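Along the sequence shown, residues carry numbers from 1. What you see is a predicted model; the values in this text were computed from it and never measured.
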Amino acid sequence: MGRGRVQLKRIENNINRQVTFSKRRAGLLKKANEISVLCDAEVALIVFSHKGKLFEYATDSWLKTKGDKTFLLFLLSAVCLFRSTSHIIYC
């Protein structure tokens, strides 16, 4: 017997939302690492929390082909955040 499907809607409880974010972020980073190892793919992943905290992952091969980590920081500085609740774009 498998797990039920999760209804995709905003989690109202702050604590539950933070716990879910942490667990899913860890799972996403793990999957990014797995796809880079299994498929020899170059992966760069950028995640922002609801408070704007940055989490990033990049494979070593991606960093070596694109320069060093300063390239990733340059890329991050060009990212704009879209806040669906207020419809404001932050750059």
Mark yes when over 12 heavy atoms from residues, nucleotides or ligands other than I35 sit less than 6.0 Å from its CD1; otherwise mark no. no
Sub-3.5 Å donor-acceptor pair from the side chain of T59 to the main-chain atoms of V43, do we have one? yes
Taking all atoms of both residues into account, what is the closest heavy-atom pair of R17 and E12, and its distance? NH1-O, 3.5 Å
Separation between CZ of R25 and CD of Q18, rounded to the nearest 0.5 Å: 7.5 Å
Between F21 and V47, is any pair of side-chain heavy atoms under 4.5 Å apart? yes
Quick one: NZ on K23 to OG1 on T20, what's the gap to the nearest 0.5 Å? 7.0 Å
Sorted by chain and number, sequence neighbours left out, salt bridge (charged side-chain N to carboxylate O under 4.0 Å, His left out) with K30 holds for none
Quick check on L38: does its CG atom have over 12 non-hydrogen neighbours (other residues, nucleotides or ligands) under 6.0 Å away? yes
